[in-house]
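Report on the structure given below.
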Amino acid sequence: GAGVSQSPSNKVTEKGKDVELRCDPISGHTALYWYRQSLGQGLEFLIYFQGNSAPDKSGLPSDRFSAERTGGSVSTLTIQRTQQEDSAVYLCASTLGGTGELFFGEGSRLTVL
Amino acid sequence: AQSVAQPEDQVNVAEGNPLTVKCTYSVSGNPYLFWYVQYPNRGLQFLLKYITGDNLVKGSYGFEAEFNKSQTSFHLKKPSALVSDSALYFCAVRDVMDTGRRALTFGSGTRLQVQP
(Lines give C-alpha, C1' and ligand atoms only; values in the text may rest on other atoms or scores of the structure.)
Protein backbone atom coordinates (compact mmCIF):
# COMPACT_ATOMS: atom_id res chain seq x y z
CA GLY A 1 0.00 0.00 0.00
CA ALA A 2 0.93 3.65 -0.20
CA GLY A 3 1.13 4.31 3.52
CA VAL A 4 2.28 2.72 6.76
CA SER A 5 -0.04 -0.10 7.71
CA GLN A 6 -0.54 -1.32 11.27
CA SER A 7 -2.47 -4.30 12.58
CA PRO A 8 -4.54 -4.95 14.50
CA SER A 9 -6.18 -1.54 14.74
CA ASN A 10 -7.70 -2.55 18.07
CA LYS A 11 -6.67 -5.25 20.51
CA VAL A 12 -8.30 -6.09 23.82
CA THR A 13 -6.47 -8.60 25.95
CA GLU A 14 -6.39 -9.91 29.48
CA LYS A 15 -3.66 -9.05 31.92
CA GLY A 16 -0.81 -11.53 31.66
CA LYS A 17 -1.34 -12.44 28.00
CA ASP A 18 1.21 -11.80 25.27
CA VAL A 19 0.39 -9.55 22.29
CA GLU A 20 1.99 -8.91 18.93
CA LEU A 21 1.56 -5.70 16.97
CA ARG A 22 2.56 -5.52 13.33
CA CYS A 23 3.83 -2.67 11.19
CA ASP A 24 4.22 -2.64 7.42
CA PRO A 25 6.32 0.41 6.51
CA ILE A 26 6.34 2.27 3.23
CA SER A 27 8.32 0.31 0.67
CA GLY A 28 11.92 1.48 0.44
CA HIS A 29 11.95 3.27 3.78
CA THR A 30 15.08 2.30 5.64
CA ALA A 31 14.15 3.63 9.07
CA LEU A 32 11.28 2.42 11.25
CA TYR A 33 10.13 3.71 14.62
CA TRP A 34 7.77 2.53 17.32
CA TYR A 35 6.21 5.07 19.68
CA ARG A 36 3.57 4.78 22.38
CA GLN A 37 0.85 7.33 23.07
CA SER A 38 -1.33 7.18 26.15
CA LEU A 39 -4.80 8.82 26.15
CA GLY A 40 -4.00 11.53 23.56
CA GLN A 41 -0.85 12.49 25.37
CA GLY A 42 2.70 12.86 24.12
CA LEU A 43 4.68 10.32 22.17
CA GLU A 44 6.96 8.01 24.08
CA PHE A 45 9.81 6.61 22.00
CA LEU A 46 10.17 2.85 22.17
CA ILE A 47 12.57 1.55 19.51
CA TYR A 48 14.22 2.66 16.25
CA PHE A 49 15.52 0.54 13.37
CA GLN A 50 17.84 2.09 10.79
CA GLY A 51 18.94 -0.10 7.89
CA ASN A 52 21.26 -2.88 9.00
CA SER A 53 22.47 -1.03 12.10
CA ALA A 54 21.79 -2.33 15.57
CA PRO A 55 18.40 -1.00 16.70
CA ASP A 56 18.15 1.75 19.31
CA LYS A 57 16.22 -0.01 22.06
CA SER A 58 16.76 2.68 24.66
CA GLY A 59 13.07 3.54 24.91
CA LEU A 60 11.70 0.10 25.70
CA PRO A 61 10.13 0.41 29.17
CA SER A 62 10.88 -3.10 30.39
CA ASP A 63 12.21 -6.48 29.28
CA ARG A 64 8.61 -7.51 28.57
CA PHE A 65 8.85 -5.40 25.42
CA SER A 66 10.75 -6.51 22.34
CA ALA A 67 10.69 -5.77 18.63
CA GLU A 68 12.16 -7.14 15.49
CA ARG A 69 12.32 -6.09 11.89
CA THR A 70 12.57 -8.88 9.40
CA GLY A 71 14.28 -8.39 6.05
CA GLY A 72 14.48 -4.67 6.61
CA SER A 73 10.74 -4.33 6.13
CA VAL A 74 7.93 -5.58 8.38
CA SER A 75 8.31 -5.05 12.10
CA THR A 76 6.63 -6.77 15.03
CA LEU A 77 6.39 -5.30 18.52
CA THR A 78 5.82 -7.98 21.17
CA ILE A 79 4.61 -7.31 24.69
CA GLN A 80 4.83 -10.27 27.03
CA ARG A 81 2.76 -10.71 30.18
CA THR A 82 0.78 -7.55 29.50
CA GLN A 83 -0.08 -5.19 32.35
CA GLN A 84 -2.86 -2.62 32.56
CA GLU A 85 -0.33 0.20 32.28
CA ASP A 86 0.57 -1.11 28.83
CA SER A 87 -2.81 0.14 27.57
CA ALA A 88 -2.06 2.79 24.93
CA VAL A 89 -1.98 3.47 21.22
CA TYR A 90 1.16 2.04 19.65
CA LEU A 91 2.29 4.06 16.66
CA CYS A 92 4.66 2.94 13.94
CA ALA A 93 6.40 5.31 11.55
CA SER A 94 8.83 4.94 8.69
CA THR A 95 11.10 7.28 6.79
CA LEU A 96 13.85 7.31 4.23
CA GLY A 97 16.06 8.47 7.04
CA GLY A 98 18.26 11.50 7.55
CA THR A 99 16.25 14.65 7.04
CA GLY A 100 13.12 12.95 5.83
CA GLU A 101 9.86 13.35 7.64
CA LEU A 102 8.23 10.40 9.40
CA PHE A 103 5.13 8.81 7.95
CA PHE A 104 2.90 7.41 10.67
CA GLY A 105 0.42 4.58 10.64
CA GLU A 106 -3.02 4.90 12.21
CA GLY A 107 -1.82 3.03 15.28
CA SER A 108 -2.81 -0.08 17.21
CA ARG A 109 -4.97 0.63 20.24
CA LEU A 110 -4.17 -1.86 23.00
CA THR A 111 -6.48 -2.29 25.96
CA VAL A 112 -5.37 -4.58 28.79
CA LEU A 113 -8.20 -5.60 31.10
CA ALA B 1 21.33 14.47 24.28
CA GLN B 2 18.39 16.02 22.52
CA SER B 3 15.11 17.28 23.94
CA VAL B 4 12.16 19.43 23.03
CA ALA B 5 9.73 21.37 25.20
CA GLN B 6 6.21 22.56 24.45
CA PRO B 7 5.40 24.78 27.41
CA GLU B 8 1.66 25.07 26.78
CA ASP B 9 -0.66 22.10 27.22
CA GLN B 10 -3.44 23.98 25.47
CA VAL B 11 -3.81 27.09 23.33
CA ASN B 12 -7.20 28.74 22.77
CA VAL B 13 -7.77 31.18 19.95
CA ALA B 14 -10.77 32.66 18.19
CA GLU B 15 -11.37 31.82 14.55
CA GLY B 16 -9.75 34.39 12.28
CA ASN B 17 -7.14 35.40 14.84
CA PRO B 18 -3.45 34.57 14.50
CA LEU B 19 -2.17 31.57 16.42
CA THR B 20 1.19 30.58 17.86
CA VAL B 21 2.17 27.23 19.31
CA LYS B 22 5.50 27.37 21.13
CA CYS B 23 8.43 24.96 20.93
CA THR B 24 11.97 25.13 22.29
CA TYR B 25 14.67 22.56 21.80
CA SER B 26 18.02 21.43 23.09
CA VAL B 27 20.69 19.64 21.03
CA SER B 28 24.44 19.32 21.18
CA GLY B 29 24.95 20.38 17.58
CA ASN B 30 22.57 21.78 15.02
CA PRO B 31 18.93 20.71 14.88
CA TYR B 32 16.57 19.25 12.38
CA LEU B 33 13.13 20.45 13.50
CA PHE B 34 9.65 19.19 12.62
CA TRP B 35 6.01 19.92 13.36
CA TYR B 36 3.31 17.27 13.23
CA VAL B 37 -0.46 17.47 13.74
CA GLN B 38 -2.82 14.83 15.07
CA TYR B 39 -6.53 15.15 14.39
CA PRO B 40 -8.95 13.23 16.65
CA ASN B 41 -8.65 9.45 16.24
CA ARG B 42 -6.08 9.84 13.49
CA GLY B 43 -2.38 9.21 13.04
CA LEU B 44 0.17 11.99 13.04
CA GLN B 45 0.60 14.04 9.89
CA PHE B 46 3.68 15.98 8.86
CA LEU B 47 3.25 19.78 8.68
CA LEU B 48 6.68 21.23 8.03
CA LYS B 49 10.38 20.92 8.74
CA TYR B 50 13.51 23.01 9.12
CA ILE B 51 16.72 21.49 7.85
CA THR B 52 18.83 24.43 6.72
CA GLY B 53 18.51 27.74 4.90
CA ASP B 54 15.71 30.25 5.37
CA ASN B 55 14.65 30.54 8.99
CA LEU B 56 10.99 30.92 8.02
CA VAL B 57 9.56 27.62 6.86
CA LYS B 58 6.17 27.28 5.19
CA GLY B 59 4.17 24.10 5.40
CA SER B 60 0.80 22.50 4.89
CA TYR B 61 -2.59 24.10 5.59
CA GLY B 62 -1.15 27.64 5.74
CA PHE B 63 1.11 26.95 8.71
CA GLU B 64 4.61 28.32 9.05
CA ALA B 65 7.36 28.16 11.65
CA GLU B 66 10.34 30.33 12.42
CA PHE B 67 13.68 28.86 13.44
CA ASN B 68 15.46 31.06 15.97
CA LYS B 69 18.89 29.70 16.81
CA SER B 70 19.70 32.23 19.52
CA GLN B 71 16.49 31.45 21.38
CA THR B 72 16.57 27.73 20.44
CA SER B 73 12.94 28.00 19.37
CA PHE B 74 10.78 26.80 16.51
CA HIS B 75 7.32 28.27 17.11
CA LEU B 76 4.44 27.25 14.85
CA LYS B 77 2.30 30.08 13.49
CA LYS B 78 -0.70 30.75 11.30
CA PRO B 79 -2.00 34.22 10.39
CA SER B 80 -5.70 33.30 10.60
CA ALA B 81 -6.95 30.30 12.55
CA LEU B 82 -9.74 28.02 11.37
CA VAL B 83 -12.03 25.87 13.53
CA SER B 84 -10.73 22.90 11.54
CA ASP B 85 -7.20 23.62 12.85
CA SER B 86 -8.29 22.32 16.26
CA ALA B 87 -6.01 19.35 16.93
CA LEU B 88 -2.99 18.16 18.88
CA TYR B 89 0.33 19.59 17.67
CA PHE B 90 3.73 18.04 18.23
CA CYS B 91 7.18 19.55 17.81
CA ALA B 92 10.10 17.18 17.21
CA VAL B 93 13.89 17.46 17.00
CA ARG B 94 16.86 15.47 15.89
CA ASP B 95 20.49 16.49 16.35
CA VAL B 96 22.19 16.77 12.95
CA MET B 97 25.22 15.00 14.39
CA ASP B 98 23.06 12.04 15.38
CA THR B 99 21.23 11.53 12.10
CA GLY B 100 21.00 7.83 11.42
CA ARG B 101 21.85 6.96 14.99
CA ARG B 102 19.11 8.55 17.03
CA ALA B 103 15.35 8.58 16.93
CA LEU B 104 13.31 11.72 16.50
CA THR B 105 12.41 13.18 19.90
CA PHE B 106 8.89 14.55 20.27
CA GLY B 107 7.52 17.16 22.64
CA SER B 108 4.57 16.48 24.92
CA GLY B 109 2.11 18.08 22.53
CA THR B 110 -0.08 21.20 22.59
CA ARG B 111 -3.81 21.02 22.10
CA LEU B 112 -5.09 23.83 19.92
CA GLN B 113 -8.73 24.83 20.33
CA VAL B 114 -10.12 27.31 17.82
CA GLN B 115 -13.46 28.79 18.85
CA PRO B 116 -15.98 29.88 16.20
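Numbered from 1 within each chain, the chains take letters A, B, ... in sequence-line order.
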Query raised in the report: Is there a donor-acceptor contact under 3.5 Å from the side chain of A/Tyr48 to the main chain of B/Leu104?
Result: no
Query raised in the report: Side chain, backbone, both or neither: which part of A/Ile47 has a heavy atom under 4.5 Å from chain B?
Result: neither
Report task. Starting at CZ of B/Arg94, measure out to CG of A/Leu102 and round the result to the nearest 0.5 Å. Result -> 6.5 Å
Query raised in the report: Closest heavy-atom contact between B/Phe46 and A/Glu101?
Result: CD1-CB, 3.3 Å
Query raised in the report: Is atom CD of B/Gln10 surrounded by more than 12 heavy atoms (other residues, nucleotides or ligands) closer than 6.0 Å?
Result: yes
Requested in this report: Can you establish whether the number of heavy atoms outside A/Arg64 located under 6.0 Å from its atom CZ is more than 12?
Outcome: yes
Query raised in the report: Quick one: do A/Leu46 and B/Val4 end up in the same hydrophobic cluster if we chain Ile, Leu, Val, Met, Phe, Trp and Tyr together by side-chain heavy atoms under 4.5 Å apart?
Result: no
Report summary line: Applying a strict 4.5 Å limit to non-hydrogen atoms, the region of A/Tyr35 in contact with chain B is side chain
Report task. Give the cluster check for B/Leu47 versus B/Phe90: same hydrophobic cluster or not, with ILVMFWY residues linked at side-chain heavy-atom distances below 4.5 Å. Result -> no
Requested in this report: Step through the shown structure and confirm whether more than 12 heavy atoms of other residues, nucleotides or ligands are within 6.0 Å of NZ on B/Lys22.
Outcome: no
**Report entry** Atom group of A/Leu43 that falls short of 4.5 Å from chain B, counting heavy atoms
**Finding:** both
Query - A/Phe104 and B/Tyr36 aromatic centres sub-6.0 Å - result: yes
Query raised in the report: Any chance CZ of A/Arg109 has more than 12 other-residue heavy atoms, nucleotides or ligands included, within less than 6.0 Å?
Result: no
Query raised in the report: Honestly curious: do B/Phe34 and B/Leu88 fall in one hydrophobic cluster under the side-chain, below-4.5 Å linking rule?
Result: yes
**Report entry** Region of B/Ile51 that comes under 4.5 Å of a non-hydrogen atom in chain A
**Finding:** side chain
Report task. Given side chain to side chain contact (heavy atoms under 4.5 Å, CB included), test A/Phe103 with B/Gln45 step by step and report yes or no. Result -> CA-CA 7 Å; A/Phe103 292 82; B/Gln45 297 177 32; over 6 Å; no
